[in-house]
Q: 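Handing you this structure, nothing more for now.
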Amino acid sequence: MMIVYSAIDRSNIFNTDPVYSHLAYNEKTVYEYSKYEKYGYLTYSTYGTFVGNKYKAKYGDDYATHEDYKAAIEAIKDETTYKDNADVKDFYSTYSSQGYEVIYLPTIYQGRRLLSNATLLAKKEYPVIYRLWTYFSQMFQFETIWDVSDPDLTNRGIHIEWDTYSNMPALVGNGTRHKYLIYFDDQFPFIHQNIVHINLGVSYSLYRDDDLIEIMQTKTGSSIYEEKEPPAKIGTGETVYTSYDFHTLTYNMGEPSELEKEWYPDKYTIASSKVGGLSRMGNSFIMGIIATIGAYLLGIPIGIWMAKRKDKIVDKVGNLYIIFIMAVPSLAYIFMFAAIGTSLFKLPYKFANATVPILGYILPTISLMLPSVGGLMKWMRRYMIDQQNSDYVKFARAEGLSEGEIFSKHISRNAMIYLVHGIPASILGALTGAIITEGVYSVPGVGKLLTDSITQYDNGIIIAMTLFYTTLSVLSLILGDLLLVKYDPRISLTDERS
Amino acid sequence: MAQEIVKKPLDLETVKTQEEDSLFYFVDSNSINSEKITAPRYSYWRSVFRIFFKKKINWLILALLLFIILMTILYPAFNPYDEYENVIDATWKNLSPAEAMAKSGGFSLKYLLGTGQFGNSIFNGIWAGSRTSLSLATICAAINMLIGILIGAVWGYNKTLDAVLNIFYNIIANVPYILLITVLVYVIGSGFWPFVFALTITGWLGIAYFFRTQVLIIRDREYNLASRCLGTPMFRVVGHNILPFLISVIVTILATELPSYISMEVFLAYIGVGLSASEASLGRMITEAQTAFTSFPWSFWSPVAIASIITISLYILGQNLADASDPRTHM
């Protein structure tokens with residue numbers, strides 16, 4: 001993670017930036033620094049702001065018309081003499097003493113035409129450790145009633161209010177960034193909060209300046225328009241036809257418009273649209289869950305069947321399938337599934353092309369499921385064959401138990417221990433894993449986000465995704481261990497030797 | 001008691017008849033013969049290959065793989081692949097084999113599989129791409145296996161190192177491998193050797209861990225203990241007692257590792273990192289042709305097929321060799 005942070009070439013940020021490609025010469029360099037500062041690589045200050053502040057303190061607000069200020073700004077235009085100016089010397093000494101590096105960009109002419117004005121700026125790079133610290137310290141952000149810095153805002157506080165949009169109580173804040181802190185609605189997971197925000201990282205290029213959690217939770221369908229009462233008109237029965245979800249209101253620092261004054265009783269006027277469909281995380285999760293359940297339901301019985309008919313035709317066909325899944329590049333077999341699905345079953349190839357939304361999920365889910373079926377088959381077959389000759393199975397057989405009883409009461413109990421251990425990992429893995437599947441079928445999901453961010457050089461998202469995936473993976477391992485303890489009484493996580 | 005037993009043959013001798021005399025005769029005890037050990041001569045590697053070549057399918061796959069390897073070495077050497085040789089002439093784009101051959105005037109090996117979206121020869125491309133894939137897989141496997149096995153062996157033997165390396169392993173192994181590689185390749189940049197670096201910097205860790213477990217299992221078996229008690233030098237214990245058991249383990253790892261690097265290349269090419277544009281790559285051929293996989297099947301399915309054939313034959317050969325190299329199958 002640290003390596004990722006320091007080693008990714010930061011100039012990649014600009015590869016897809018439309019503003020950047022329109023700028024040239026010194027303006028381009030200044031824009032670069034402003035972006036670097038925004039994404040936490042460095043801090044910088046220009047001579048212009050420095051001189052501005054200096055003369056503002058000296059002459060007050062109309063400093064810009066003063067001769068001294070104009071002279072100071074003019075001073076840097078001449079490449080040969082700029083260093084003799086008192087203001088420039090001041091700029092140098094102020095910033096050099098704070099550890100800044102001062103950069104001078106001379107005026108660029110093409111013949112006699114002025115292309116770019118001279119610029120003087122000072123920058124300080126943040127060390128990697130500092131950036132890591134700011135990253136982790138800003139990860140959890142809590143909303144407090146002092147968040148809005150509007151001096152006109154009175155009676156800050158939090159209270160519970162009857163929410164007419166859901167007909168449930170809601171926690172409403174005044175002074176917090178969001179109006180509704182905890183509320184219910186008809187969207188999964190039905191109860192929502194705006195108190196704690198997890199900031200894993202901000203997108204540089206793909207989704208300008210949105211953070212990862214927001215991107216993953218944003219729904220991907222089209223806007224839903226409904227007849228609703230705006231907050232100022234609750235109880236009057238007067239409705240407007242809008243897509244705004246009034247639960248998402250945030251504080252507006254600017255002056256509200258006439259319409260906003262009519263609609264909202266307070267300055268919480270910025271609402272986002274209510275959008276249908278599933279979020280990226282929702283898409284990945286639904287496909288992942290179904291694929292995991294399907295894989296277990298198919299893989300285990302087939303594995304047992306193969307073990308019972310060892311070296312028969314079933315076993316041979318099954319083994320071929322296992323070899324196919326294990327050896328062939330996953331991209332290749334996903335395309336094979338896609339080809340079979342589209343030509344034989346007439347299923348839609350691309351997710352967005354599905355006329356009935358459900359149909360779009362079928363092929364990606366099957367493509368996710370079939371490889372894990374192969375893995376489970378392989379494991380189950382091997383396990384069954386090994387256990388057939390173990391002492392406890394021989395003993396059970398000698399007792400006269402039927403093969404069915406031996407399996408359901410003895411072998412399956414032991415096999416389940418391993419299977420249970422893998423369940424959390426496969427569910428969470430499905431959430432993350434489907435990188436290729438989602439790419440092939442263009443499903444808007446979490447896995448697609450990583451491929452998109454790599455092709456778009458979106459370093460912020462890549463770092464955030466790395467952390468997200470790693471956290472999930474650790475979480476699934478811990479969950480697997482906990483389930484194992486619950487299922488197998490022989491295993492204990494605490495040391496009982498004392 | 002002792003006297004009775006001694007007596008018995010004497011009694012038998014007295015009742016012996018004339019007929020039996022002609023059938024039985026006394027044999028002298030031969031001191032030289034009794035020193036010989038009657039077990040057949042056993043050579044480990046000869047037995048491995050005897051078992052391996054008993055299966056007809058192995059001959060077939062080996063021949064196929066040798067043919068592919070020869071082609072990947074020889075064919076690109078005589079027919080260098082240039083993806084952009086026909087890029088200016090749009091009439092060469094996406095031709096079926098029949099069209100391409102008609103256009104080039106008669107049968108030609110080069111256009112046996114048609115042309116791709118840049119007018120590139122698919123047949124030349126798959127061999128050049130296979131060469132990259134195979135050399136990548138061989139180099140990565142060689143580096144990872146060497147480091148992995150050496151470190152794994154020490155890891156299994158040394159208990160203090162075990163504690164340290166376990167912590168290290170737990171940290172690295174918690175990050176999904178596919179993600180780690182993706183980000184590494186993205187960070188390091190594209191090209192053959194950066195790619196090898198990304199695949200080998202942590203790739204050995206899993207092998208080492210697996211190998212460590214195997215060494216741990218075998219190290220303290222009774223026969224090794226006995227061997228050590230009798231004063232067998234350590235290298236001989238490792239070479240004669242432990243390694244034969246682990247050779248099948250090593251071959252099993254190899255059987256899964258080699259195809260996995262080829263798959264990894266295809267995967268990374270798909271998400272847009274990996275080899276640079278100047279290197280022929282099966283992964284990039286598949287990715288570039290993916291939009292055309294229904295309309296121009298030749299350009300898409302040919303690299304997919306060759307990648308699948310190589311990986312499957314490597315996998316099957318490896319698994320069968322692993323079975324054959326297990327001494328328990330030599331009986």
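Excluded from the calculations below are hydrogen atoms, water molecules and symmetry mates; all remaining heavy atoms, backbone and side chain alike, are included. Labels below follow one simple rule: chain letters A, B, ... track the order of the sequence lines, proteins then strands, and each chain is numbered from 1.
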Q: Which bit of I286(B) comes within less than 4.5 Å of chain A, counting heavy atoms only: side chain, backbone, both or neither?
A: side chain

Q: Among residues 257-270 of chain B, which residues come closer than 4.5 Å to chain A, judged by heavy atom distances?
A: P259(B), S263(B), V266(B), F267(B), Y270(B)

Q: In this structure, are over 12 heavy atoms from other groups packed under 6.0 Å from Y383(A) atom OH?
A: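 Yes, the 6.0 Å shell around OH holds more than 12 heavy atoms from other groups.
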
Q: Counting C-beta onward and ignoring hydrogens, is there a side-chain heavy-atom pair between F335(A) and V304(B) closer than 4.5 Å?
A: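 No. Closest side-chain heavy atoms not under 4.5 Å.
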
Q: Tell me if the CZ atom of R221(B) is crowded by more than 12 foreign heavy atoms within 6.0 Å.
A: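 More than 12 heavy atoms, drawn from other residues, nucleotides or ligands, come within 6.0 Å of this atom.
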
Q: Apply ring-ring contact (aromatic ring centres under 6.0 Å, His included) to Y209(B) and list each qualifying residue two or more places apart in sequence or on a separate chain.
A: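 W155(B), Y169(B).
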
Q: Roughly how far, to the nearest 0.5 Å, is the OG atom of S308(B) from the OH atom of Y333(A)?
A: 11.0 Å

Q: Once you round to the nearest 0.5 Å, how far does CD1 of I316(B) lie from CD1 of I323(A)?
A: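 Going from CD1 on I316(B) over to CD1 on I323(A), the span is 4.5 Å.
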
Q: Taking all atoms of both residues into account, what is the closest heavy-atom pair of T311(B) and V328(A), and its distance?
A: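 Result for this residue pair: OG1-CA, 3.7 Å.
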
